[in-house]
Amino acid sequence: MGKTTYKRLKGSQNLRHRLLLATLSSSPILIEDIRADDTLPGLRQHEVSLLRLFDKVSDDCVVEINETGTKLKYRPGIVMGGRHLVHDCGVSRSIGYFLEPLILLGLFANKPLTIRLKGITNDSNDPLVDTFRSTTLPLLKRFGVPSEGLDLKIESRGSPPHGGGEVVLTIPVVQSLNAVTWTDVGMVKRIRGVTFSTRVSSQFENTMIHAARGIFNRFIPDVHIFTDHKAGTQAGSSPGYGISLVAETNAGCFISADMAIAYAREEETGDIEDEKKELMPPEDVGGQIASILLGEIEQGGVVDSTHQGLLFLLCALCPQDVSKIRSAKLSPYGIEMLRHIRDFLGVKFVIKPDPSTGTVILKCIGCGLKNLNRKVS
């Protein structure tokens, strides 16, 4: 056995993307100075939980963390997938934080993946689980992922600070992805959405819908927003409400926006008295989310700003063929992802602004990632 050569990185930023790309490219990494100067140095609870999740779906993956948690050695194993897996995501970040890397790992696993994730389903830091179902999964189909075996079921909802939600994610395995040419955004033909509420009046949902429709109906008649009021054990342990919207265009683009309202976690509020601060009224939530979605549509990319990084990564993982996409102005998250893709996969994008629309055209030749883990039937 030769000595393992680690790719050396610093800092805590973009940890999950570094872990994901390290796993997909089979590159061992050594990350130092993880919040070394903070009052509470080292890895956070959700980052440790993410490492446990990577370990759970992989075989022979090696994780070493020093005593202070400021140094992490990670040697990826073989992604196995598997059925009936269960992972508790904790309550320091929502399930949305774990879903994006997990979906990509599942595609390149040995066996199809079915996993039950427990924790917070809806919070303001990460995309809502509804947005993954309405927007992220259709995005994968664009790259040749089969619809069969691709599903996200929301069994119960959980809002911060105490969570209590559960979802079941099913991901099929692929041999490789398909390169795409995707530059036509098209016109919005319909808007769909879902509101949710847990441990508050179901009237909150009707108020949000009424406020959102009041704005959308000036532009488009085909607006349907469904309600999902949970009660009893399906409502988790904390009160909360919110809305996830998706605009579908006649060119097959799904542009999403979401918002979740709940009480802050204790670590986010220095003062316990502050914990019961007034929540944003539901009519304001409906009006704000409608404006946010219209802003995303106006930017003119084939995906919204939340999905930029995922879109770039999917293009980079395609066969050694040209992918060409239209994106809105690059977000800081999208730019970071492009840098990580270059460092781990050696894929560079050619970026050309399109002044007539204010958008950007990106082209790349994929790294040709093939699923060597997959069982050959």
Side-chain angles (χ1 to χ4, degrees), residues 94 96 120-139 152-154 156-160 165 167 184-231 234-236 238-263 278-307 328:
S94 78
I120 289 171
T121 51
N122 315 87
D123 86 343
S124 52
N125 296 332
D126 302 291
L128 308 189
V129 287
D130 307 270
T131 305
F132 275 93
R133 194 164 61 175
S134 67
T135 309
T136 314
L137 299 187
L139 171 60
L152 180 63
K153 280 198 185 86
I154 302 167
S156 60
R157 289 191 181 270
S159 294
V167 303
D184 183 14
V185 180
M187 304 295 281
V188 174
K189 63 177 180 179
R190 60 171 168 243
I191 289 172
R192 295 288 177 266
V194 61
T195 60
F196 70 89
S197 59
T198 59
R199 308 205 172 276
V200 295
S201 162
S202 58
Q203 190 54 42
F204 279 34
E205 297 187 56
N206 298 329
T207 310
M208 286 188 280
I209 292 171
H210 184 73
R213 287 190 64 120
I215 292 173
F216 289 137
N217 285 145
R218 295 179 217 162
F219 308 103
I220 185 169
D222 191 354
V223 180
H224 282 285
I225 304 171
F226 302 93
T227 59
D228 183 20
H229 176 68
K230 296 284 192 213
Q234 288 191 316
S238 300
Y241 49 93
I243 183 166
S244 168
L245 297 175
V246 56
E248 196 180 329
T249 76
N250 53 15
C253 300
F254 293 85
I255 311 291
S256 66
D258 59 38
M259 188 179 262
I261 304 297
Y263 289 110
E278 282 297 302
L279 298 180
M280 188 192 287
E283 55 266 83
D284 292 2
V285 175
Q288 268 198 34
I289 196 64
S291 304
I292 291 168
L293 183 62
L294 291 174
E296 289 283 1
I297 294 165
E298 187 186 15
Q299 287 185 19
V302 292
V303 296
D304 52 78
S305 50
T306 334
H307 284 84

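What you see below is based on every heavy atom in this structure, not just the backbone, and it leaves out hydrogens, waters and symmetry mates. From a predicted model like this one, the values you see are computed outputs, not experimental measurements.
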Quick one, K189 with T249, criterion side-chain contact (heavy atoms from CB on, under 4.5 Å). Give me CA distance, side-chain angles, the key distance, then yes/no. CA-CA 5 Å; K189 63 177 180 179; T249 76; 6.0 Å; no

Using the side chain to side chain donor-acceptor pair (under 3.5 Å) rule, take H307 and T135 through it: C-alpha gap first, then chi angles, then the decisive distance, then the call. CA-CA 9 Å; H307 284 84; T135 309; 5.3 Å; no

Step by step, work out the side-chain contact (heavy atoms from CB on, under 4.5 Å) result for L128 and R157. CA-CA 11 Å; L128 308 189; R157 289 191 181 270; over 6 Å; no

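A distance of 10.5 Å separates CD1 in I297 from OG in S256, rounded to the nearest 0.5 Å. From D126, atom CG reaches atom CD1 of I120 across 9.5 Å, with rounding to the nearest 0.5 Å. Note that CE of M208 is 11.5 Å distant from CG of D284, once rounded to the nearest 0.5 Å. Taking CG of D123 as the reference point, atom CD1 of I261 lies at 11.0 Å (rounded to 0.5 Å). Atoms CG and CD1, from N122 and I243 in turn, are 12.0 Å apart once rounded to the nearest 0.5 Å.
Counting heavy atoms from C-beta outward, I154 and R133 have side chains that approach closer than 4.5 Å. Using a 4.5 Å heavy-atom cutoff, the side chains of F254 and S134 are not in contact. Two residues are said to be in side-chain contact when any heavy atoms from C-beta on lie closer than 4.5 Å; E283 and H210 fail this criterion. Contact annotation: the side chain of I225 approaches that of L245 to within less than 4.5 Å [non-hydrogen atoms, C-beta and beyond]. S238 is not listed as a side-chain neighbour of Y263, based on a closest heavy-atom distance of 4.5 Å or more.
Annotation: side chain to side chain donor-acceptor pair (under 3.5 Å) contacts involving residues 193-202, sequence neighbours excluded, comprise S159-T198, T195-E205, S197-E205, S197-H229. Residue pairs that meet the side chain to side chain donor-acceptor pair (under 3.5 Å) test with at least one member in residues 286-302, sequence neighbours left out, are E296-S305. For residues 285-294, no pair satisfies salt bridge (Lys or Arg N to Asp or Glu O under 4.0 Å), with sequence neighbours left out.
Considering all non-hydrogen atoms of both residues, A262 and P239 come closest at CB-O, 3.9 Å.
Between the N250 side chain and the M187 main chain, a donor and an acceptor come within less than 3.5 Å of each other. The main-chain N or O of I220 is found under 3.5 Å from a side-chain atom of N217 such that the two form a donor-acceptor pair.
Residues meeting the side-chain hydrogen bond (donor to acceptor under 3.5 Å, both in side chains) test with T131, sequence neighbours left out: S244, D258. Taking the ring pair (Phe, Tyr, Trp, His ring centres under 6.0 Å) definition, one finds that Y241 meets it with F204, sequence neighbours left out. The side chain to side chain contact (heavy atoms under 4.5 Å, CB included) test applied to V185 returns V302, R326, not counting sequence neighbours. Considering only residues two or more places apart in sequence or on other chains, D184 meets the side chain to side chain contact (heavy atoms under 4.5 Å, CB included) condition with A251. Remark: R192 pairs with R190, D222, H224, F226, V246 by the side chain to side chain contact (heavy atoms under 4.5 Å, CB included) rule, at least two apart or across chains. Scanning for side chain to side chain contact (heavy atoms under 4.5 Å, CB included) contacts around N206 gives Q203, T227, with sequence neighbours left out. Scanning for side-chain hydrogen bond (donor to acceptor under 3.5 Å, both in side chains) contacts around T121 gives an empty result, with sequence neighbours left out. With sequence neighbours excluded, no residue satisfies side-chain hydrogen bond (donor to acceptor under 3.5 Å, both in side chains) with S156. Remark: T306 engages D304 in a side-chain hydrogen bond (donor to acceptor under 3.5 Å, both in side chains) (not counting sequence neighbours).
Around the CE atom of M280, the shell of radius 6.0 Å holds more than 12 heavy atoms that belong to other residues, nucleotides or ligands. Within 6.0 Å of the NZ atom in K153, the count of heavy atoms belonging to other residues, nucleotides or ligands does not exceed 12.
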